[in-house]
Amino acid sequence: MSTEAGTQDGQELLEAVARRRNFAIISHPDAGKTTLTEKLLLYGGAIQQAGAVKARGEQRKVTSDWMELEKQRGISITSTVLQFDYTGNIINLLDTPGHQDFSEDTYRTLAAADNAVMLEDAAKGLEPQTRKLFEVCRMRQIPIFTFINKMDRPGREPLALLDEIEAELELTPWAVNWPIGSGEQFRGVIDRRTKEVVLFSRAERGKQSEERHLSLNDPELLDLVESDLLEQAIEEMELLDAAGAELDLELVHAGELTPVFFGSAMTNFGVRPFLNAFLEMAQKPVARLGHDGPVDPLNPDFSGFVFKLQANMDPRHRDRVAFVRVCSGRFEKDMTVRHARTGRAIRLSRPQKLFGQDRAVVEDAYPGDVIGLNNPGMFSIGDTLYVGPKVEYEGIPCFSPEIFSWLRNPNPSAFKNFRKGVNELREEGAVQILYDTDESKRDPILAAVGQLQLEVVQHRLENEYGVETRLEPLGYQVARWVNGGWPALEKVGRIFNCKTVRDAWNRPVLLFKNQWNLNQLNEEHPALELSAVAPVVSGVEPISL
Ligand code: G4P
């Protein structure tokens with residue numbers, strides 16, 4: 001390549017990276033993730049582009065029909081990534097599967113995200129699924145933007161919601177806007193930076209509310225908003241100002257300070273200001289840690305890693321898709337890349353971009369984007385693909401499973417296929433496999449984050465490996481890895497109210513019936529360090545069945 005061409009490519013890459021923002025929404029079911037996503041896509045025009053504007057009811061129906069179909073086939077439906085343009089920027093929304101398809105993929109998606117939007121229901125505050133997902137964001141120190149939703153309905157005190165974030169997540173909240181009243185008396189928000197008031201007007205259900213902007217000093221405001229509500233909001237803002245924290249972007253990018261926005265996704269109130277502020281403050285695709293140090297997204301050589309595998313997404317084709325997060329360089333269709341784990345060269349001839357259930361072939365992609373690759377069983381979670389000098393990204397850790405079940409094979413003559421299926425599905429990352437410490441109990445224990453994961457494994461064993469299996473649930477709900485491994489465990493001697501098993505790398509894992517039993521162990525043996533996430537093991541072959 002000539003120097004001139006190289007400079008031009010470098011400039012193109014620089015611009016592409018500067019325009020990109022990627023994020024995932026972390027929330028508990030019902031907080032309004034679907035509603036917020038729809039509103040965000042509307043701004044980007046993505047819904048029209050994909051021809052998917054439907055009445056909400058109809059859309060729901062389509063979605064649930066699809067889900068039913070997929071469930072019968074044991075497939076998880078997820079849109080995975082939605083890309084849209086907004087004011088000249090390209091936004092990638094990585095969809096975190098939730099609800100009944102909550103699985104380890106939900107956590108893994110966060111490994112591919114540069115930012116997270118923490119969505120709370122104003123009436124509920126922090127909820128369990130959000131806390132768990134937050135822990136994963138914390139581990140990676142990704143910036144968190146908080147959207148407190150459903151302000152049009154009676155909710156908790158805004159100050160109490162901020163206190164909860166600070167006390168429970170040890171994350172400093174910084175309210176970017178402040179609500180005037182709430183529920184029936186919700187009148188709008190005041191932008192703390194510009195002192196501009198955005199008034200809320202209640203629209204009929206299903207219609208968009210209007211946003212009217214006024215200065216806080218505008219005398220007309222008192223004709224439009226009850227003075228007591230306005231005074232209360234101003235007093236509360238003064239309290240926040242007196243508390244002193246500043247909106248420090250460095251702290252935001254370090255995942256220590258969260259900008260907070262109040263709004264109502266359903267009525268589309270506060271969504272656009274949120275999106276604008278997010279674009280201004282969010283982290284652009286940043287350097288990723290590889291085995292030999294950080295890899296700059298502006299490095300001209302393409303590299304990326306697999307963060308999710310999905311089997312049989314398209315009911316018409318029995319295909320498998322590997323989702324790759326682009327980390328550096330420009331990806332081009334038909335590119336030949338190297339697969340770091342096996343050293344093999346692979347030509348990527350049919351890369352795809354996905355929009356819900358629609359797909360399009362991608363011509364190119366840049367850091368922060370996600371591409372879908374056909375996966376004829378070659379890719380595993382965490383695999384790196386690269387061009388040029390070798391790059392290998394740190395893999396994706398194992399996340400604490402919550403559902404455990406013996407996997408029985410009632411037919412001894414099918415053992416060979418059973419073994420092959422279990423080993424391959426584990427390798428692919430479809431499920432974690434644990435083993436009893438008593439070697440006479442040879443059946444594997446499936447360990448998953450969501451029930452659907454187990455159903456998918458059973459379904460795939462039957463369809464792809466021809467073995468019918470039986471699940472026998474174990475009554476445990478919490479798993480913890482032991483830091484320091486077997487020697488650390490031996491030091492504390494006999495422990496009660498938990499079961500010790502081994503993972504595929506022969507590391508001890510403790511299973512507890514409930515959180516209470518775990519807390520009890522922590523109290524009895526404070527020196528025993530336990531972890532909800534297990535680091536990636538490299539260079540060691542896992543135990544096969
Ligand atoms: P999820 O994906 O996080 O599970 O939540 P989803 O968007 O499906 O929203 C859950 C429910 O909360 C929906 O009501 C939705 O309309 C409602 N909702 C979302 N945002 C707001 C908001 O800002 N204000 C109010 N008042 N409600 C909101 P639903 O009754 O389950 O469905 P639908 O009949 O409205 O479609």
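One-based numbering, in listed order, for ligands and for the atoms of each. Along the sequence shown, the residues carry numbers beginning at 1.
- Phe186 and Phe200 have tilted rings, their planes meeting at an angle from 30° to 60° on a 0 to 90° scale.
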Criterion ring pair (Phe, Tyr, Trp, His ring centres under 6.0 Å) on Phe23 and Phe278, from CA distance to verdict: CA-CA 10 Å; Phe23 73 99; Phe278 171 80; 4.9 Å; yes
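- At a 3.5 angstrom cut-off on N or O pairs, Met151 does not count as close to ligand 1.
- Against a heavy-atom cut-off of under 4.0 Å, Lys33 is close to the following atoms of ligand 1: 1 (P), 2 (O), 3 (O), 5 (O), 7 (O).
- Between Asp152 and ligand 1, an N or O atom pair is found at a separation short of 3.5 Å.
- Using a 4.0 Å cut-off between a side-chain N of Lys or Arg and a carboxylate O of Asp or Glu, Asp163 and Arg156 do not qualify as a salt bridge.
- Screening Phe261, Phe274, Phe269 for a ring-ring contact (aromatic ring centres under 6.0 Å, His included) involving Phe147 leaves a single residue, Phe274.
- For a threshold of 3.5 Å applied to N or O pairs, the pair formed by Gly32 and ligand 1 contains at least one separation below that value.
- Arg108 places no side-chain N or O within 3.5 Å of a backbone atom of Ile396 that could act as its donor or acceptor partner.
- Just one of Ile165, Ile25, Ile148 meets the side chain to side chain contact (heavy atoms under 4.5 Å, CB included) condition when paired with Met118; it is Ile165.
- Distances below 4.0 Å separate heavy atoms of Thr34 from the following atoms of ligand 1: 1 (P), 2 (O), 7 (O), 8 (O).
- Looking at ligand 1, you won't find any N or O of Gly263 less than 3.5 Å from one of its N or O atoms.
- Contact annotation for Thr35 and ligand 1: heavy atoms of both the backbone and the side chain come within less than 4.0 Å of the ligand.
- Using bins of under 30°, 30° to 60° and over 60° for the plane-to-plane angle, the ring pair Phe323/Phe307 lands in the tilted bin.
- Distances below 4.0 Å separate heavy atoms of Pro29 from the following atoms of ligand 1: 4 (O).
- If you look at Lys150 next to ligand 1, the close heavy atoms, those under 4.0 Å, come from the backbone and the side chain alike.
- Between Ser264 and ligand 1, a contact under 3.5 Å exists for at least one N or O pair.
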